[in-house]
Structures are given as structure tokens and as C-alpha cells.
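Since the structure comes first, as C-alpha cells, the remarks are kept for the end.
First listed ligand is number 1; within each ligand, the first listed atom is number 1.
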Amino acid sequence: MPKRPFRVGRSRTGLGLFATEPIKKRTLIAYYVGQRISTAEAERRENKGARYLYELNKHWTIDGKSRRNLARYANHSCRPNAESDVVKGQVTIRAIRNIKPGEEITYDYGEDYLRNVIGVSRCKCDKCRAKRAKAQRERRLKAKRAAARKKRLNGHANGKAR
Ligand SMILES: [Zn+2]
């Protein structure tokens, strides 16, 4: 693979991968590499808190905990700009759209991971943050309207409203 088009840097959730040059859609960004272990071994490690397990299929998992596995720094997003795939037993991280320098490289870890590890309500990706901010704005607006309504009703009760 040519020179890496990314660097490891600070992200919202710890470390992350950031593009250092334009990355064209479909470009192979990195391989997710590590020791290949059986499903049973993966379960043992998972119970002991292993965090970088990538399930290849029902028999095999890659433990990508090594720091040399730079792909492990790519964070989850519900609106990602890359995707992971298993090609001939190797895990690839590939751009699914053009990525600009400075953009964080993310891929979707999948429903199971989001539900069981991150927790749907705790996902810090841009999409989820925007969704929560919107919900909060709506809650505030609703509370404001309710307060205004209450004030009006009180006004009527006290005979002050005209
Ligand atoms: Zn999310």
C-alpha cells in the first residue's frame, strides 16, 4: 500500500483516524489486522474486556488490539464515510465517499456493537449528536409552550386576561 493517507489524532471519543490528504471514494484506506482466533477464544477475550475483536465469520475473529493495527483507531459512526468488509479473509476499510483532508475516518460497527457496547443513547457520532440536539431543542420548545399555556390559564383564573 502507498503512503498512508491518514494520521492518528485526538477525536471526540479518544483517538481517531483523520485524513491527511483527499481520499477518493472506493480507496482502500487500511487493513484491520491482528491475531486470528477461534470464536470460543474471542468470547473468552470479550468477557475479559477485549475491545478490538472483529468477527470474520462464525468460526474466526481477528483480535486487532495491537497498536500496529492502525485501523483499530477508526471510530464508529452511524453516518460513516468508510466501510469495513471481509475480502478473502482480510478485513478492509474502504472509503464509501470522497473524504477531505482533516475529516475523521469512520465506519459503521454494526447494530450489535451500537446496541451492546456503545449504547444507542450514548453514541457520539455527528448524526446521533445532531439528532439528540434536535430532540432537546424540541423538548425545550414544548416546555416553553406548556409554561406559556399555564400562564394564560392562570391569568384567566385570576380574571386578569382580557
Ligand atoms: Zn451514532
Mind checking how many protein N/O/S atoms fall short of 2.8 Å from the Zn ion (ligand 1)?
4
Which donor-acceptor pairs under 3.5 Å do the side chains of residues 89-96 make with protein atoms, sequence neighbours left out?
unit_1: Thr92; atom_1: OG1; unit_2: Asp85; atom_2: O; d: 3.3
unit_1: Arg94; atom_1: NH1; unit_2: Arg26; atom_2: O; d: 2.8

Test ring pair (Phe, Tyr, Trp, His ring centres under 6.0 Å) applied to Tyr54 - qualifying residues, sequence neighbours left out
Tyr32
Does Arg97 have more than 12 heavy atoms from other residues, nucleotides or ligands lying within 6.0 Å of its CZ?
yes
Determine which pairs satisfy ring pair (Phe, Tyr, Trp, His ring centres under 6.0 Å) with at least one residue from residues 4-26, sequence neighbours left out, and list them in order.
none
Between Ala19 and Ile105 the two heavy atoms that sit nearest each other are N-CD1, 4.0 Å
Check ion pair Lys3-Glu21 (N to O, under 4.0 angstrom)
yes
